[in-house]
Amino acid sequence: MEKILILDANARSALAATRSLGRRGVPVVVADETKKTLSGASKYCSESFTYPSPTANLRGFLSTVKAECSRRGIRVIFPMTEISMAAVLKHGEEFKNFQVPFAEYPTFDALTDKWNLMRLAQRLNITIPQTHYIADARSLQRVYPLLKFPVVLKPYRSRIWMNGRCTAASVKYAESVHQLERTVAQYEYFKSHPFLLQEYIRGHAHGIFALYNHGKLVASFAHRRLRENPPSGGVSVLCESAEKNPEAWRMARTLLDHMAWHGVAMAEFKVTPDGKPYLMEVNGRFWGSLQLAIDAGVDFPWLLYQLATGRDVESVNGYVIGVKSRWLWGDFKRLCKVLACSELPPGLRFPRRMRSIFQFFNFFDSRTRCEESRWHDLKPLFHELAKSTSHWLSRTIA
């Protein structure tokens, strides 16, 4: 078994990949900016190291990863977040002696640019929310007569370089022109960079996940988000394996086939109550709820590892419907926001707080598994609890 390096070891997806590959006997090395990490706490991690921040010290990050791979005999690299993925793919020449089984950088970049993605989707007749492309804040007023509130303000990238720093840019909502103008003025990534204004689609989030081998589909999976943090829409904290919405699956295939995709990808849709899906975004990397797909029978890390090392890829004959996966700490943060009436969906003023409390303390659903907690590998759970408690105490004292 060739040794593999999993970057971004504090990511939930990194823990899922570490457990998946480690249980199959693959020597797993993990790395991140901190010495103690979520994935490093797993018994399936054989080695670990730290690297400089890829945003604050890109050259240091690249040289450290390359040197450690050579020194430790690592042959395969899995970047797990958008930042590390972009850094490694953009400087692919430096990693030509290693297997990085993902799309070429221009293809990856075309998906992470949401402005470009939405225009491509329109050309491919893929359904998207009504979208206005705002080049800068000065051009905002021209679309006022066309808007139907509430609207979604979506940065053209989830990470934007501003004033020499890489800043996380998040989706915001506005229910009036006044609130729209105030939001744009408040956030530099709207005020000084392009963004999208989209109609707000009411419905549930539906994820389509796929693994491709140079344009050929290898495996696929789908889930439905049951709870998200923040409550207005974001990271999945409780999700369930589900049958693919046929139209969403067709649109995801159309897009990824068009790009001759390689590696893993996630296409996120919003499905209205009448079953109509709208494309929201696409991520060309592993996703936070990766553990759910593995639990349901589609082991994406192992399948991708087989591709990277030239092995025959095991066939996947469907997956189990109705399996649930819960990120406990994320679900707790969501509950706190519901109780504080913070970051709620547009139009929701009075959330059902007691219902949310009862839902959170429901630990008796036999179909639900906690991402962090596995009886055969409990240290990541303790690491998460210790880190979360420390974070909560520091904020309380401050």
Side-chain angles (χ1 to χ4, degrees), residues 11-24 38-39 41-44 203-209 219-229 231 233-245 248 266 268-269 271 273 286-303 314 316-339 351-389:
R12 297 155 55 206
S13 56
L15 175 60
T18 298
R19 285 170 165 168
S20 160
L21 298 174
R23 293 187 71 180
R24 296 178 182 272
L38 181 65
S39 303
S42 172
K43 72 177 185 180
Y44 298 107
H204 70 267
H206 183 75
I208 297 286
F209 311 87
S220 61
F221 175 74
H223 83 200
R224 174 174 177 164
R225 292 185 180 184
L226 303 178
R227 292 202 290 268
E228 299 175 85
N229 181 47
V235 177
S236 171
V237 298
L238 179 66
C239 50
E240 180 179 25
S241 58
E243 294 183 1
K244 303 182 192 74
N245 176 289
M266 170 194 179
E268 183 180 328
F269 295 85
V271 181
F286 283 114
W287 46 94
S289 59
L290 175 61
Q291 187 63 58
L292 173 63
I294 298 171
D295 290 343
V298 187
D299 195 337
F300 283 103
W302 172 238
L303 295 172
E314 296 175 1
V316 179
N317 298 314
Y319 53 88
V320 181
I321 305 296
V323 178
K324 296 180 183 178
S325 183
R326 185 185 188 193
W327 177 32
L328 189 60
W329 172 237
D331 204 12
F332 176 73
K333 290 193 289 185
R334 176 194 179 276
L335 176 63
C336 291
K337 290 176 181 176
V338 170
L339 296 179
R352 297 177 179 177
R353 292 172 175 167
M354 290 305 299
R355 178 182 178 184
S356 295
I357 292 172
F358 286 131
Q359 288 177 336
F360 178 82
F361 285 102
N362 178 16
F363 296 99
F364 307 105
D365 187 346
S366 60
R367 298 176 301 169
T368 302
R369 301 190 68 183
C370 177
E371 282 187 10
E372 309 96 318
S373 176
R374 301 291 151 129
W375 289 112
H376 57 80
D377 189 30
L378 284 172
K379 284 186 177 180
L381 173 63
F382 298 142
H383 170 88
E384 179 92 326
L385 289 174
K387 182 179 177 181
S388 302
T389 302

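Considering S13, S20, S325 as possible partners of L290, the one that fulfils the side-chain contact (heavy atoms from CB on, under 4.5 Å) test is S13. Checked options E372, E371, E384; the residue passing with R12 is E371 (criterion: side chain to side chain donor-acceptor pair (under 3.5 Å)).
Contacts of W327 classified as ring-ring contact (aromatic ring centres under 6.0 Å, His included), with partners at least two apart in sequence or in another chain: none. Scanning for side-chain contact (heavy atoms from CB on, under 4.5 Å) contacts around T368 gives L238, K324, R326, D365, with sequence neighbours left out. With sequence neighbours excluded, the residues satisfying ring-ring contact (aromatic ring centres under 6.0 Å, His included) with F300 are W287.
D377 has no carboxylate O lying under 4.0 Å from a charged side-chain N of R23, or vice versa, which leaves the two without a salt bridge.
More than 12 heavy atoms of other residues, nucleotides or ligands shown are found within 6.0 angstrom of CD on E314. Open room surrounds NZ on K379; 12 or fewer heavy atoms of other groups in view lie less than 6.0 Å from it. More than 12 heavy atoms of other residues, nucleotides or ligands shown are found within 6.0 angstrom of CZ on F363.
Listed here is the closest heavy atom pair of M266 and G207: CE-CA, 4.5 Å. The heavy-atom pair separating G322 from E240 by the smallest distance is CA-OE2, 3.4 Å. The minimum heavy-atom distance between L292 and C239, with the atom names listed, is CD2-SG, 3.5 Å. Here the closest non-hydrogen pair linking R224 and A242 is N-CB, 4.2 Å. Residue S373 comes nearest to L378 through the heavy atom pair OG-CD2, 4.0 Å, listed as atom of the first residue, atom of the second, then distance. Taking both residues in full, the closest heavy atoms of V338 and S356 are given as CG1-OG, 3.5 Å, listed atom of the first, atom of the second, then distance.
In this structure, CG on L381 lies 12.0 Å from OG on S42, to the nearest 0.5 angstrom. Separating the OG1 atom in T18 from the NZ atom in K43 is a distance of 14.0 Å, to the nearest 0.5 Å. To the nearest 0.5 Å, atoms CZ (R369) and CG (D295) are separated by 4.5 Å. Rounding to the nearest 0.5 angstrom, the gap separating the SG atom in C336 from the CZ atom in R334 is 11.0 Å. Atoms CZ and CG, on R19 and D299 in that order, are 13.0 Å from each other to the nearest 0.5 Å. With values rounded to the nearest 0.5 angstrom, R227 atom CZ is found 4.0 Å from D331 atom CG.
Checked by atom type and distance alone, the side chain of K387 never pairs as donor or acceptor with a backbone atom of L38 at under 3.5 Å. At least one donor-acceptor pair closer than 3.5 Å links the side chain of S241 to the backbone N or O of V320. A donor-acceptor pair under 3.5 Å is absent between the side-chain atoms of H206 and the main chain of A248, judged by distance alone.
Contact check for L339 versus I357: side-chain heavy atoms found under the 4.5 Å cut-off. Within the 4.5 Å cutoff, the side chain of L15 has heavy atoms near those of the S39 side chain. Using a 4.5 Å heavy-atom cutoff, the side chains of L21 and Y44 are not in contact.
Proximity of the aromatic rings of H223 and Y319 is defined here by a centroid distance below 6.0 angstrom, and this criterion is not met.
Ring planes of F332 and W329: parallel class, angle under 30° (limits at 30 and 60°).
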